[in-house]
Amino acid sequence: MGLTKDYLRYVPAGNFNIISSANCNVVFLTLQGQIGRFVAVGAAEHILIWDLRLGEKAQVLPGEKAVVTALCASPNNRHLAAGYSDGNVQIYDLKTVEVVSVFSGHRSEVTTLMYDNQGHRLASGSRDTDVIVWDIVTESGLCRLQGHKGPITKVTFMDKQDVLISSSKDTFVKFWDLSTQHCFKTLTGHRTEVWGFALMKNDEYLVTGCGDYELRVFKLTTRDLYNESIDPLEHMTATLELVTLEEGDDSTTHPLQCIKAGSVFRGSKSRVVALTSDSTGQVLGCHGTDKMVELFYFCTEDEAQLRQKKRLKKQRKKNKQAPEELEANTGLADQIKRLKPIKASGPTTNLDLVLGNGGELRVALNYRDNCVKLFTLMTSVKDAEPNCLREIVKQGHHSQVRAVAFSSDNLAIVSGSDDTLRMWNRPSQTCLRTIDVGFVQSVVFVPGDRHVLAGLRDGKLVIVDVAAGDVLEEIVAHSKDLRTICLTPDLRGCVTGGGDQTVKFWQFELIVDQQSESKVKVLSLVHNRTLKLEEGVLCVKLSPDSKFIAVALLDSTVKIFFSDSFKFYLSLYGHKMPVYCMDISSDSRLIATGSGDRNIKIWGMDFGDCHKSIFAHDDSVMGLQFVPNTHYFFTCGKDGSIKEWDADKYHKIVTVQGHAGEAHSLAVSPNGQYVVSCGSDKVLRLYERSDQLVVLQDEQEEEREQQEEAVAEKTVVPGHSALNLPSKRTIGSERAAESILECLEVSEKYQEELDEHAALQAGSSKPLPVPAIPLLMQAFNVKTPEDFLLETIKRIRASDLEEGLLILPFVHVCKVLTMLPALIARGDCIEMGCKVALFLLRLHHAPLVANKLLLPTLELLEKTMKEKVGELRDLVGYNMVGLLSVQGELEAREGIQLFRDATREQNAKRRKKREKIKRTIMAVNTI
């Protein structure tokens with residue numbers, strides 16, 4: 001029945017007005033071999049890479065539906081990890097702009113991401129209080145770390161040790177040993193939420209920030225447990241010990257010692273929003289809820305000693321202290337130098353730092369009002385002031401967009417926000433003009449597309465010249481907010497409605513500009529008539545045949561009057577809350593209304609009868625407009641969704657991709673080809689009518705699958721909590737299980753046919769025809785059941801494999817295990833076969849061991865795995881020895897040292913040189 005009437009699908013044609021999302025961090029990227037020039041920011045569901053030198057978009061990494069909430073660049077600058085609001089993590093290749101890997105494990109928004117120093121592992125933290133470590137190479141989860149009681153705010157790998165540090169809103173900072181996957185230390189002295197932390201000076205210091213103006217600094221040192229008389233069992237039993245900030249020393253059972261070294265007091269009194277350090281760990285950036293961004297420089301050992309000498313020299317001159325104090329250890333006052341703060345123009349949400357050659361520090365700030373700025377500061381110059389190098393502010397509104405409208409030629413779009421009015425070119429989606437007018441509530445193009453009318457919250461009606469980008473006139477149209485503007489059908493005037501309970505009619509006229517020397521004529525409005533009402537006006541529409549005027553009032557009714565005499569005609573009542581939007585069809589036969597009660601109603605203009613009432617949105621309906629010359633109309637609501645409806649059949653046609661947050665308004669182009677919408681996420685979304693047909697049954701099936709996926713994510717599989725898998729149950733994992741079950745079923749039938757053929761062939765002297773290979777196996781280009789199983793598992797996404805195996809019934813698990821020895825024995829899929837075998841054995845250990853029929857299979861599997869893994873280990877060792885031999889020959893032939901040995905020798909020489917200079921300075925000072 002879906003093809004009884006053809007509908008054409010509206011597809012996304014681009015997002016504009018968005019520079020950066022406020023709920024995502026900013027990250028410096030190294031592209032084209034240049035550092036500090038490109039930054040990546042989240043822009044709703046997409047990722048924008050801005051070229052700060054040119055002020056233009058360098059790349060766009062497209063997303064799907066979920067909003068980007070966290071970004072992290074890989075150490076080799078080849079990939080970019082992005083976390084989304086639905087809990088997924090995607091890895092992008094910056095060269096090909098393609099998604100390399102997808103990880104599904106979190107059940108809510110991803111809040112932080114961090115690579116390790118080699119880029120082989122990725123840690124993600126979420127609002128679900130879990131931390132997951134992902135293996136980038138195998139594209140699978142390594143472990144899920146549970147222990148926090150609040151949303152995770154930041155995670156970081158330590159460079160020197162296999163340790164992960166995480167902070168949360170539960171006021172705790174936890175240290176995780178990744179080799180044993182347990183928490184061995186917890187800092188509990190913070191009184192409020194820990195909003196961030198940073199590792200400084202090659203993991204020597206840990207700086208944490210919470211809800212006060214104090215930055216707590218901890219000294220991190222490592223103890224060698226092998227050279228000390230510490231019982232390993234005693235160390236392992238002390239894993240959950242809490243360490244408070246007030247303790248002067250740390251427990252001796254922990255290899256990683258964390259001692260509070262002091263505090264750094266910020267100049268701002270607000271809470272910490274983010275703490276960020278550069279890749280070298282020398283500069284720390286901190287900002288709060290105010291407009292101040294503070295910078296701290298962690299000095300090197302030589303710089304710290306020089307600062308200590310100057311400080312002690314001043315103290316000795318002032319207090320006449322003994323010279324023996326020159327041998328005192330350097331403190332935080334000598335280690336940390338406060339740089340000049342950056343005074344931002346507005347509240348910032350995140351920052352990123354990069355320290356270049358010569359001590360040039362570059363700071364990228366992401367502002368809450370949809371803009372990105374780049375600052376530079378010379379750390380080697382004393383009291384250097386930060387300078388703003390580049391700001392990206394003109395490409396979008398800095399507040400929520402309230403109203404949009406199309407020009408009559410479908411080529412221009414006007415949008416109004418809380419402070420400005422902007423003109424957009426639809427084909428290129430670039431901003432043409434920006435005019436400061438005030439809080440805009442409604443906009444419309446004047447016939448001819450040379451002027452725009454804007455209704456403001458203070459009741460003014462503003463006339464804007466599009467070409468010049470100037471305000472021609474401000475008319476005090478209403479004493480309260482002007483909420484709606486509608487052009488008359490003859491295009492000679494307009495009608496406005498406001499909160500002062502009046503509807504006013506205006507006529508366009510050209511008047512002589514008295515301020516101009518040339519006395520040219522400019523557009524103006526002349527007030528003709530006024531319709532007074534008993535309630536405030538929310539929306540006004542004129543019927544295309546010029547007979548009626550419909551007025552939506554605050555009493556939840558719609559009054560219809562004759563437009564020429566203002567005589568009352570109809571009253572449309574039935575909504576339980578005020579009607580925020582409405583529109584009349586092009587043939588003046590239907591009127592559709594949208595209300596705060598989340599319903600849309602379709603009325604007849606002849607008798608005012610309600611044809612249909614539809615529950616349309618999950619929140620208030622804010623925008624509604626008919627497609628010209630049709631009975632189709634679009635609606636948008638505070639739930640962020642945008643939907644297309646058929647007013648004749650009374651059903652929904654399609655739901656297009658909506659906004660992240662509230663949708664405030666929408667507009668349909670005069671030719672019906674385009675639709676544009678605006679919302680609280682500061683994104684203008686453009687949709688274009690395509691040639692694709694919409695089949696209603698397919699749309700309903702897709703919505704049903706989305707609901708099932710949402711239910712599947714909340715469903716807990718028995719045994720899942722015990723395994724603590726770093727993944728979640730999704731539609732992908734269910735499809736993986738279905739594909740494995742289908743593979744086993746087809747393989748079993750085919751194997752029965754082969755056995756039957758072999759039995760018949762043994763009793764026959766003539767050759768019998770071999771059974772045909774099943775069509776599904778032919779599609780996979782395989783000939784044996786083992787190859788079919790292997791190809792099926794290979795096509796399953798790595799992050800869905802374990803969840804798919806978890807759903808398999810025990811009978812089919814036994815069938816898989818019986819086929820694994822032959823697969824592993826082949827030698828070309830040892831890793832995959834062992835991974836599947838070990839997971840199934842760990843999951844179903846008790847019933848498998850109790851099944852006597854499977855004991856021979858398990859013994860064969862154990863023998864095969866040991867043999868093949870041993871061969872693989874020997875092969876890797878042989879290759880390693882071969883590479884070392886080649887390295888030795890190259891070093892002997894060229895007379896140089898390669899790789900790590902040369903680096904160690906250089907570091908040793910530098911260390912000896914520094915110690916020699918230090919001893920010389922101390923000797924001179926003692927003399």
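Just the heavy atoms: all of them, side chains too, but no hydrogens, waters or symmetry mates, feed the values below. Sequence positions, counted from 1, serve as the residue numbers for this chain.
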Which pairs, with at least one residue in residues 400-439 and sequence neighbours excluded, count as a ring pair (Phe, Tyr, Trp, His ring centres under 6.0 Å)? F16-W424
Could you state the interatomic distance from NE2 (H46) to CG (L61), rounded to the nearest 0.5 Å? 10.5 Å
Hey, does E109 have a side-chain heavy atom less than 4.5 Å from the side chain of V67? no
Drop me the distance from D646's CG to Y7's OH, to the nearest 0.5 angstrom. 3.5 Å
Kindly indicate whether the side chain of V464, heavy atoms from C-beta on, has any atom under 4.5 Å from the side chain of D470. no
Taking the side chain as every heavy atom from C-beta outward, state whether T434 and K394 have any atom pair closer than 4.5 Å. no
Are the side chain of H664 and the backbone of V401 linked by a donor-acceptor contact shorter than 3.5 Å? yes
Just jot down the ring-ring contact (aromatic ring centres under 6.0 Å, His included) partners of F615, sequence neighbours excluded, or say none. none
Scan for salt bridge (Lys or Arg N to Asp or Glu O under 4.0 Å) pairs involving residues 596-609, sequence neighbours excluded, and state none if there are none. none
Any pair with a residue in residues 7-23 that passes salt bridge (Lys or Arg N to Asp or Glu O under 4.0 Å), sequence neighbours left out, goes on the list, sorted by first then second residue, please. R9-E699
Would you say Q395's side chain and G55's backbone share a donor-acceptor pair under 3.5 angstrom? yes
For the residue pair V495 and T488, establish whether any side-chain heavy-atom pair is separated by less than 4.5 Å. yes
Using the ring centroid of each side chain, check whether Y687 and F634 are separated by less than 6.0 Å. no
For residues 445-468, pull every pair meeting salt bridge (Lys or Arg N to Asp or Glu O under 4.0 Å), keeping only residues two or more places apart or in separate chains. K460-E474
Does any N or O in the side chain of R685 come within less than 3.5 Å of the main-chain N or O of P12, such that one atom is a donor and the other an acceptor? no
Write out all pairs satisfying salt bridge (Lys or Arg N to Asp or Glu O under 4.0 Å) with one or both partners inside residues 525-552, taking only residues at least two apart or from two chains. none
Can you check whether M423's main-chain N or O pairs, donor with acceptor, with R433's side chain at less than 3.5 Å? no
For F548, is there any backbone N or O sitting under 3.5 Å from a side-chain donor or acceptor partner on S543? yes
For Y569 and F562, I'd like to know if the aromatic rings sit close, meaning centre-to-centre distance below 6.0 Å. yes
May I ask you to check whether over 12 heavy atoms, not counting those of D490, lie within 6.0 Å of atom CG? yes
In Å, rounded to the nearest 0.5 Å, how long is the span from OG of S20 to CG of L48? 8.5 Å
Sidechain-backbone polar pair: K643 side chain, A616 backbone, donor-acceptor under 3.5 Å: yes
Decide if atom NZ of K652 counts as having more than 12 heavy atoms of other residues, nucleotides or ligands within a radius under 6.0 Å. yes
Are the side chains of L554 and L538 in contact, using a 4.5 Å heavy-atom criterion? yes
Nearest heavy-atom pair of G596 and M577: which atoms, and what distance? O-SD, 3.4 Å
Can you tell me how far the OG1 atom of T348 sits from the NE2 atom of H287, to the nearest 0.5 Å? 4.0 Å
Can you name the nearest heavy-atom pair linking G469 to I435, along with the distance? O-CG1, 3.3 Å
For residues D639 and D618, report the shortest heavy-atom separation together with the two atoms involved. OD2-N, 3.0 Å
Show the nearest heavy-atom pair for residues C539 and C581, with the distance to one decimal. SG-CA, 4.3 Å
Output every pair passing side chain to side chain donor-acceptor pair (under 3.5 Å) with a member in residues 47-69, not counting sequence neighbours, ordered by first then second residue. R37-D51
From H397 atom NE2 to N17 atom CG, the distance as rounded to the nearest 0.5 Å: 5.0 Å
Taking only residues two or more places apart in sequence or in another chain, which ones pass ring-ring contact (aromatic ring centres under 6.0 Å, His included) with F445? none
In short, L461 meets L525 closest at the heavy-atom pair CD2-CD1, 3.1 Å
What residues, two or more places apart in sequence or in another chain, satisfy ring-ring contact (aromatic ring centres under 6.0 Å, His included) together with Y367? none
Pair up each side-chain donor or acceptor in residues 503-511 with any protein partner under 3.5 Å, not counting sequence neighbours, and list the distances.
{"residue": "K504", "atom": "NZ", "partner": "A477", "partner atom": "O", "Å": "2.6"}
{"residue": "W506", "atom": "NE1", "partner": "T496", "partner atom": "OG1", "Å": "2.9"}
{"residue": "Q507", "atom": "OE1", "partner": "N528", "partner atom": "ND2", "Å": "3.4"}

Minimum heavy-atom separation for L523 to E473, with atom names? O-OE1, 4.2 Å
Any donor-acceptor pair under 3.5 Å from E45 side chain to G63 backbone: no
Give me the one residue out of Q400, Q441, H398, R402 that meets side chain to side chain donor-acceptor pair (under 3.5 Å) with D418. R402
Within this structure, what is the CG-CD1 distance for the pair L472 and I463, rounded to the nearest 0.5 Å? 6.5 Å
Using the test ring-ring contact (aromatic ring centres under 6.0 Å, His included), find all partners of Y674 that sit at least two apart in sequence or belong to another chain. none
With side chain to side chain contact (heavy atoms under 4.5 Å, CB included) as the test, would you mind laying out the steps for D648 and L590 before giving the verdict? CA-CA 10 Å; D648 293 330; L590 298 177; 4.1 Å; yes
Just jot down the side chain to side chain donor-acceptor pair (under 3.5 Å) partners of S556, sequence neighbours excluded, or say none. none
Pair E644, R689 - check salt bridge (Lys or Arg N to Asp or Glu O under 4.0 Å), show working. CA-CA 12 Å; E644 184 184 6; R689 186 167 59 195; over 6 Å; no
